[in-house]
Amino acid sequence: MIDGFKRPKLLLIDGNSVLYRAFFAVPLLSNSQGAYTNAVYGFAQMILNVLNQEKPTHIAVAFDKGKATFRHQIYEAYKGKRAKTPPELSGQFEMARMLLDQFRMRYLEAEDYEADDLIGTLARVGEEADFDVMIVTGDKDLLQLVSERVTTCLTKKGTTDLTRYDPAGVRERFSLDPLQVIDLKGLMGDASDNIPGVPGVGEKTAIKLLDEYGSVEAVLDHIDEISGAKLKERLREHCELALLSKRLATIERDVPLTLTLDDLRFAGFALEDVTAAFRTLEFKSLLTRVRDWQGILQETTQVGGQHSLFAGDDTLSTDAHTYREGGAPSAVDERAKEIEQIREDVRIASLDELSEVIASFEGPIAILADGLRRYHTDRLAGVALATADRAVYVKIMASESSERSVSEPPVDGMAVDRTLDQGGALPHRETDDSSVGAGALALQQNAFARQLAPLIELLCDETREKIVFDAKAWRVALHAHGVEAASARPFAHALDALLGTYLLRASEGAPELADAILYAIPEAPIPESLYAAREQSGEPYQIGLALWAQWLSRAREAMIEQLKSKNLWSLYEDVEVPLSYVLADMEIYGVKIDASRLKAIGAELAIEIEQLTNRIYELAGTEFNINSTKQLGEILFERMGLPPVKKTKTGYSTSADVLEKLAPQSEMVTEILRYRMLTKLQSTYIEGLLREIRWPSSRIHTSFHQAKTATGRLSSEEPNLQNIPIRMEEGRRLRHAFVPSQDGWKMVAADYSQVELRIMAHLSRDEALVDAFMTGVDVHTRTASQVFDVPESEVTSLMRRQAKAVNFGIIYGISDFGLSQNLNISRAQAGAFIEQYFAKFPGVRSYMDQAVKFAKEHGYTETVLGRRRDLPGIHSRNFNERSFAERTAMNTPIQGTAADMIKVAMIRLAERLRADGLEARMLLQVHDELIVECPAREVEMVSLHMAEAMEQAIELSVPLRVDLHVGDTWYDAK
DNA sequence: GCCACCTGC
DNA sequence: TCTGGCAGGTGGC
């Protein structure tokens, strides 16, 4: 890769051909249900191999439609002699499609065309868009498509061995140019397809003729020159047949398509989807193989938590089922009845009607997605659309959608793939329903992108007032469905009720849809009918969702008013909404993981864990479950008689701080501490992260929650990439597995230095603290010097460590008890430290007092950017509750302002990276740190941007400092 | 589904 | 009175 640009690779699989080959190559297997699976097995094997070796970025699998094609119109006997599909095979086509669904690969077939023609067309389109194209088939005909950019791989014997043909390969094997393969067939025919050819002309004669003249037409033009009277005669007599045969053998490369290359984007599959499919098919060896790839060390056992494509419905129906089993409480029946009554008010429409449904609405419209609980992978099941007076649910997963061809004109708001901008647009033709079959393409899977076009257009239409709930989920999910919005900021003009409600009530955690509605319209009848609908599956749920959308549409004005009246509008519009775009991009892009590195560390850990386990059993004199705190407590405090330092509600505490106190007395306790550390790494980080890697991209895509924490921070889940170990070297090593996604790229990490203390200095205006930051001394050393009343040069490392704990304690609203626990010193000693601190930093004490006073007066606390957190407990008569609220009043402005600051920095950084046309991509945010990957040549520029965006994010009365680190892995960026 | 525990900032 | 803020994931029960 000279220029660092990786050309996208389009993989085209000839589904019918490969399944046929596999059927005859693999012994006839059947699963325990008696269904034959051998062809699907071979097919799956081939897919795994090709993914592994080729790493395609785009994939399509083409199938024959099994009916008459245009070839039958020109030659009735076409494929006339072909044997019927064996019954043992025919059932496997559907299985193969199901498997492709799980792989999240697009497959397609067309009314009037064979799989060959679809492949021919897509290969041309791919080639024109400067893709590398690879075709997998068992059919030599497809060799005619081979070119500089297109290779054709023929299955050998089995299905796993592929012979790859480039132009030179074709010439070597057949002494022909790829395109002459057609002429070859024109002359010699093809018995299997019942293509006649010229009687008496076989491969050798045909090749000789083509060698000399080049094509069928040229041969016929020069019949007179041909030696051999018999051959001459035959060619004369059958020249029509030769031309017809050539035509039959010619792959059509202009099939009208309604999809774009972008629709074929392959982003990898979810391990659990594919393993579930393999489990159903009982492909045990493939199960092991696909797990090995991902480095899964142990079998995933969470069957109950298994993820379904229809996650929403699935969960709901399971619940409903449990209800019925549990004796069907009559409340549920009554709610069902209630739903029945409101059913008339809601229309359920099919996807075909989407455009017309959208057109029928006027005024502010609410748009709700159904089925996006895990939006990286879930399929959009439907969408609810509503205005104040009307509600419609449009089904998207309806099975009938695949039966009909759909063709929509291109939509302005819809994006065209980057590659298509370069001239690779797919042929496009409007087709009305009466002419279905006249060449329109029926997309089996990614009808979505095209069919959703009216919805995307609506979402991107700046002239339409809208309200949605979690626009980021929409963006990530639409991307996964192969839809990109062309507008840089689609949804920007749509009110995002998730973010709006969060700003209004951050203290209560992530708002649900009902919270958003109820906060704006307290009298909305959510508790009865709408919650009831949610407990049902299928249609009742759809009706419920549509009614929620209706209420949400009515909530729009009120929510905007409330945001404005609380001065939250700017935070909403200038921070949270722009940030949601940045986060969506980060989530979609993901971070590359070196799975083998992770596995290698896991293997080392496994060995030591095994040794530790045995040693612990030996020291305990018995085997027990070390992971069970109950059993461990009994061993330590009863059997071995160690002093129980602390108790929990349920028994002895065995937490690390307790064990650390006991360690000097007992070798076993030391071993247990190490065991705990290593098993934590193994289960949470090695196994947990491996489970989350997507194949074959080898990336992890986390979800950042933007509307969850009480302070305004982000959180990260599935997996959490904000708590990857760093303190202990054993855990820190894991960061070696976080690598740049391209060769020659670097990881750049930038973290704020002492950001919370700087914010405290700003808020308190404490002279000594401000001075410490203005002069750039080490703040913990300065604190130690003050608290312990010694010159800075005489501060010992112990004093600095203790001062650091005091600093953190102050931020969190410390007590002498807490500090004493933390530093393992007496309470009196801790109390003296705190007193001394406040004596030396009096501004800090007065800030703390003022923060509590503000909270008591207003009932909430706020950050520099006006982010609010309600503190109802501030007036509580319960000491604990009140104290907690007071500590929160002191801490939240600090932690929350730090959150505001890095959010602004992220938005600015994203803008600058884009404005400068840099390839650098933001990968992660870890509260006070940003991690970016970029080509080595961009490191300097990116570092400057990061430092500047972060340091200038919010102007404080003390300077902000950012530390920058560059490395080949996250570990090295330290 | 809660608890205890451990990881991060 | 009973003890420092904010998170997410795992395993046991």
Side-chain angles (χ1 to χ4, degrees), chain A residues 301-302 305 506-507 509-510 624-633 646-659 672-673 675-689 691-692 702-705 708-728 730-732 734-735 751-752 754-756 805-823 827 830-831 834 861 869 876-896 898-899 902 924-929:
Chain A
T301 47
Q302 43 156 154
S507 60
F624 65 104
N625 186 344
I626 309 170
N627 294 325
S628 163
T629 48
K630 188 162 169 281
Q631 290 179 41
L632 179 61
K646 201 164 70 175
K647 289 199 128 199
T648 65
K649 283 179 223 170
T650 51
Y652 306 109
S653 169
T654 65
S655 63
D657 57 324
V658 169
L659 297 188
I672 286 168
L673 282 165
Y675 172 92
R676 283 245 179 102
M677 175 173 76
L678 300 186
T679 53
K680 176 75 178 177
L681 292 176
Q682 186 76 290
S683 61
T684 301
Y685 297 103
I686 301 289
E687 291 168 13
L689 288 178
R691 264 201 297 279
E692 300 288 343
T702 185
S703 297
F704 288 105
H705 275 230
K708 180 79 177 280
T709 71
T711 54
R713 275 189 179 178
L714 302 178
S715 76
S716 153
E717 64 175 37
E718 281 187 322
N720 183 354
L721 295 183
Q722 290 182 319
N723 69 346
I724 303 302
I726 189 165
R727 290 180 181 145
M728 295 287 151
E730 289 88 339
R732 188 176 199 154
L734 292 175
R735 293 179 174 226
D751 67 294
Y752 279 115
Q754 313 295 355
V755 68
E756 292 190 336
V806 172
N807 275 329
F808 279 102
I810 297 290
I811 290 170
Y812 297 146
I814 201 170
S815 70
D816 52 5
F817 180 85
L819 185 63
S820 71
Q821 287 294 301
N822 195 335
L823 289 176
R827 204 170 144 168
I834 294 169
T861 182
R869 177 178 182 178
S876 173
R877 286 178 307 281
N878 177 313
F879 177 87
N880 272 335
E881 202 181 352
R882 192 175 63 250
S883 300
F884 180 72
E886 287 171 2
R887 287 195 297 275
T888 308
M890 297 183 253
N891 170 263
T892 296
I894 298 171
Q895 191 182 121
I902 196 162
L924 297 173
Q925 185 253 48
V926 193
H927 309 306
D928 67 348
E929 177 185 18

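The sequence lines fix the lettering, A, B, ..., with proteins before strands; numbering per chain opens at 1.
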Is the backbone N or O of [Y] less than 3.5 Å from a side-chain atom of [X], with the two atoms forming a donor-acceptor pair by type?
X: A/Glu717; Y: A/Pro719; answer: no
X: A/Thr684; Y: A/Leu681; answer: no
X: A/Arg735; Y: A/Ile724; answer: yes
X: A/Asn891; Y: A/Ile811; answer: yes

Would you mind classifying the nucleic acid contact of [X] as base, sugar-phosphate or nothing, using non-hydrogen atoms under 4.0 angstrom?
X: A/Ala805; result: base
X: A/Gln821; result: nothing
X: A/Ser653; result: sugar-phosphate
X: A/Gly809; result: base
X: A/Arg827; result: base
X: A/Phe884; result: sugar-phosphate
X: A/Ser815; result: base
X: A/Ser716; result: sugar-phosphate
X: A/Ala899; result: nothing

Starting at atom [atom1] of [X], determine the distance to atom [atom2] of [N], rounded to an integer number of angstrom.
X: A/Phe704; N: C/dA7; atom1: CZ; atom2: P; value: 16 Å
X: A/Leu714; N: C/dA7; atom1: CG; atom2: P; value: 12 Å
X: A/Leu678; N: B/dC5; atom1: CG; atom2: P; value: 18 Å
X: A/Ile834; N: C/dT3; atom1: CD1; atom2: C1'; value: 11 Å
X: A/Arg691; N: C/dG8; atom1: CZ; atom2: P; value: 18 Å
X: A/Glu687; N: C/dG9; atom1: CD; atom2: P; value: 16 Å
X: A/Leu632; N: C/dG11; atom1: CG; atom2: P; value: 17 Å
X: A/Asn822; N: C/dG5; atom1: CG; atom2: C1'; value: 13 Å

**Request:** Quick one: closest heavy-atom pair of A/Ser876 and A/Asn878, and the distance?
**Result:** OG-N, 2.9 Å

**Message:** Tell me the closest heavy-atom pair linking A/Ser683 and A/Glu687, and the distance in Å.
**Reply:** O-CB, 3.7 Å

Would you say [X] reaches [N]'s phosphate, i.e. side-chain N/O to OP1/OP2 under 4.0 Å?
X: A/Arg887; N: C/dG4; result: no
X: A/Thr629; N: B/dC5; result: no
X: A/Asn880; N: C/dT1; result: no
X: A/Gln682; N: C/dT10; result: no

**Request:** Can you tell me, in whole Å, how much space there is between the P of C/dT3 and that of B/dA4?
**Result:** 13 Å

**Request:** Scan A/Lys708, A/Gln925, A/His705 and name whichever one has a side-chain contact (heavy atoms from CB on, under 4.5 Å) with A/Leu714.
**Result:** A/Gln925

**Message:** Going by centres under 5.5 angstrom and planes under 30 degrees, do the aromatic ring of A/Phe817 and the base ring of C/dT3 stack?
**Reply:** yes

**Request:** Compute both the distance and the angle, then confirm whether A/Lys647 meets the cation-pi test with A/Tyr652: under 6.0 Å from the six-membered ring centre, within 45 degrees of the axis.
**Result:** yes

**Asked** Hey, are the side chains of A/Leu734 and A/Ile686 touching, using non-hydrogen atoms and a 4.5 Å cut-off?
**Response** yes

Would you indicate which nucleotide in [options] comes nearest to any side-chain atom of [X]?
X: A/Lys708; options: C/dG8, C/dG12, C/dT10; answer: C/dG8
X: A/Ser683; options: C/dT3, C/dG11, C/dA7; answer: C/dG11
X: A/Thr650; options: B/dC3, C/dA7, C/dG12; answer: B/dC3
X: A/Thr711; options: C/dG4, B/dC3, C/dC6; answer: C/dC6

**Message:** Under the rule for salt bridge (Lys or Arg N to Asp or Glu O under 4.0 Å), what residues qualify as partners of A/Arg869, not counting sequence neighbours?
**Reply:** none

**Item:** A/Ser716 vs A/Thr702, side-chain hydrogen bond (donor to acceptor under 3.5 Å, both in side chains): CA-CA, chis, key distance, verdict
**Value:** CA-CA 6 Å; A/Ser716 153; A/Thr702 185; 2.9 Å; yes

**Request:** For A/Asn625 and for A/Phe808, find the nucleotide of DNA chain C with the closest heavy atom, then tell me which residue's nucleotide is more 5'.
**Result:** A/Phe808

**Request:** For DNA chain C, list all stems, counting runs of three or more consecutive pairs where every pair is Watson-Crick or G-U wobble with both distances under 3.5 Å.
**Result:** B:1-9 with C:5-13

Produce the list of close N/O pairs, under 3.5 Å, pairing protein atoms with atoms of nucleotides 6-9 of chain B; give distances to one decimal.
residue : atom : partner  : partner atom : Å
B/dC6   : OP1  : A/Arg676 : NH1          : 2.8
B/dC6   : OP2  : A/Ala656 : N            : 3.0
B/dC6   : O2   : A/Lys680 : NZ           : 2.9
B/dT7   : O2   : A/Asn723 : ND2          : 2.7
B/dG8   : OP1  : A/Ile726 : N            : 2.6
B/dG8   : OP1  : A/Arg727 : N            : 2.8
B/dC9   : OP2  : A/Arg727 : NH2          : 3.4
B/dC9   : O3'  : A/Asp928 : OD1          : 2.8
B/dC9   : O3'  : A/Asp928 : OD2          : 3.3
B/dC9   : O2   : A/Arg713 : NH1          : 2.7
B/dC9   : O2   : A/Arg713 : NH2          : 3.1

